[in-house]
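Heads up, the thing below is written out as structure tokens.
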Amino acid sequence: NKIGSLIDETPTQNPVPDKGEGCVRLFLAPTNTDKPLIESHVKEQMATITKNVLWNKKNWKDKEGATLVLEHRMAAVRMGFVEMWDALKSTSEFDSVKSGTSQEINFFKNFVLPLVQSNNDFEIMRIIKKYYKDLFKQINKDSLRYISECVSRIKTAYTNNPNITFGEMLDVIRTCDIFNIPHKYDEESESFELFFNIKLSQIIPYAKYIDNLSEFKTHHGVKGLEFDNVMAIIDNDTKWRTYDETNFFVAGKANKDTLRLLYVICTRAKQNLAVILYTDTTKNQLNQNWFNDEEIISLSSF
């Protein structure tokens with residue numbers, strides 16, 4: 001409500017009478033640190049403070065909780081597909097990569113990945129049947145045996161080399177000569193050169209993230225959603241210069257874009273909220289209007 005009062009036409013939030021008190025903590029972490037380690041430590045501290053066992057879970061599901069990051073790349077770093085993400089930035093596909101609608105990337109995500117992960121012949125046939133119109137140049141009853149051989153070739157390539165790259169797997173698929181290879185891989189091959197050198201295994205965490213099966217969400221993507229527990233990560237080590245959360249916490253002032261973003265992330269939590277602010281600002285330098293002294297935890301000596 002304090003933040004909301006600084007934003008035009010923001011209604012006051014009133015607690016449900018029988019809801020009970022929640023918990024909020026602001027964790028100050030140095031900018032030059034092991035961030036995944038810090039974030040794991042914060043979860044441990046919140047589990048102790050709140051006595052809520054959900055904070056002990058490695059990954060939250062559904063409404064149990066969410067870890068909010070400012071941009072997709074921050075999630076990519078933490079989940080392990082940042083090399084793939086960065087390699088695709090220079091391609092014409094990047095916007096659709098961010099939305100999960102890229103035909104080129106979904107060729108690996110929706111077809112190759114399920115195939116190499118499946119050990120069930122029935123599941124393999126289901127995958128082929130689902131995508132056969134787009135996948136195959138020609139298909140008939142006589143093709144089924146050869147398709148089976150090609151699927152085996154794809155699976156063997158991955159099994160024998162877990163570090164196989166996207167490009168190397170694409171070469172294996174090309175040898176079959178029955179699949180419709182996404183046309184941009186040929187027409188714009190130079191722009192995909194970096195991507196072809198990335199490990200295929202990075203498609204696994206990407207798929208989890210883009211299908212909303214991970215706890216990581218962007219600040220902008222959670223408007224209207226609520227979670228029992230929220231860990232909001234504020235890290236200015238991004239390309240975004242629109243937001244200045246550190247100035248807000250220190251001087252108590254910020255532009256309207258920053259205020260709206262902070263209001264969104266703070267109102268996503270139904271029970272417990274942990275805000276991690278990566279900053280070299282000390283606890284004594286913070287403006288005291290937003291948190292009580294006991295709600296501010298410094299991790300400078302962690």
- Item | Worked check of ring-ring contact (aromatic ring centres under 6.0 Å, His included) between Phe192 and Phe166 | CA-CA 10 Å; Phe192 284 98; Phe166 285 98; over 10 Å; no
Parallel, tilted or perpendicular: which fits the ring planes of [X] and [Y], with parallel below 30° and perpendicular above 60°?
{"X": "Phe195", "Y": "Phe108", "answer": "perpendicular"}
{"X": "Phe107", "Y": "Tyr185", "answer": "perpendicular"}
{"X": "Phe81", "Y": "Trp85", "answer": "perpendicular"}

- Task: Could I get the full list of side chain to side chain donor-acceptor pair (under 3.5 Å) partners for Thr281, not counting sequence neighbours?
- Result: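 If we apply the side chain to side chain donor-acceptor pair (under 3.5 Å) test to Thr281, skipping adjacent residues, the hits are Thr279.
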State which residues pass side-chain contact (heavy atoms from CB on, under 4.5 Å) with [X]; sequence neighbours excluded, sorted by chain then number.
{"X": "Ser99", "value": "Ser96, Thr101"}
{"X": "Ile204", "value": "Leu113, Gln117, Tyr158"}
{"X": "Gln103", "value": "none"}

- Within a radius of less than 6.0 Å around NZ of Lys223, do more than 12 heavy atoms belonging to other residues, nucleotides or ligands occur? no
- Message: Are more than 12 heavy atoms, taken from residues, nucleotides or ligands other than Glu294, located less than 6.0 Å from that residue's CD atom?
- Response: yes
- Message: Quick check on side-chain contact (heavy atoms from CB on, under 4.5 Å): which of Met74, Met79, His72 does Phe216 satisfy it with?
- Response: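 So, applying the side-chain contact (heavy atoms from CB on, under 4.5 Å) to Phe216 and each of Met74, Met79, His72, only Met79 qualifies.
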Under a 3.5 Å distance rule, please check whether [X] uses its side chain to pair with a backbone N or O of [Y] as donor and acceptor.
{"X": "Asn229", "Y": "Glu64", "result": "yes"}
{"X": "Asn106", "Y": "Lys109", "result": "no"}
{"X": "Lys155", "Y": "Leu115", "result": "yes"}
{"X": "Ser40", "Y": "Leu37", "result": "no"}
{"X": "Lys35", "Y": "Asn32", "result": "no"}

Give a yes-or-no answer on whether the side chains of [X] and [Y] include a donor-acceptor pair shorter than 3.5 Å.
{"X": "Thr31", "Y": "Asp280", "result": "yes"}
{"X": "Glu188", "Y": "Ser92", "result": "yes"}
{"X": "Ser118", "Y": "Glu123", "result": "no"}

- Task: Find out whether Glu44 and Thr48 are in side-chain contact, i.e. whether some heavy atom of one side chain is under 4.5 Å from a heavy atom of the other.
- Result: no
- Can you check whether Ile234 reaches Leu262 side chain to side chain, under 4.5 Å on heavy atoms?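 Ile234 reaches Leu262 side chain to side chain.
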- Message: Can you pull out every ring pair (Phe, Tyr, Trp, His ring centres under 6.0 Å) where at least one residue sits in residues 45-67? Sequence neighbours excluded, please.
- Response: Trp55-Trp60
- Item | Salt bridge Lys57-Glu215, side-chain N to carboxylate O under 4.0 Å | no
- What residues, two or more places apart in sequence or in another chain, satisfy salt bridge (charged side-chain N to carboxylate O under 4.0 Å, His left out) together with Lys199? none
- Query: What heavy-atom pair brings Lys98 and Ile210 nearest, and what distance separates the two atoms?
  - Reply: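 Shortest heavy-atom contact: O-CD1, 3.3 Å.
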- Item | Steps toward side chain to side chain contact (heavy atoms under 4.5 Å, CB included) verdict (Leu273, Arg25) | CA-CA 6 Å; Leu273 170 67; Arg25 291 293 186 273; over 6 Å; no
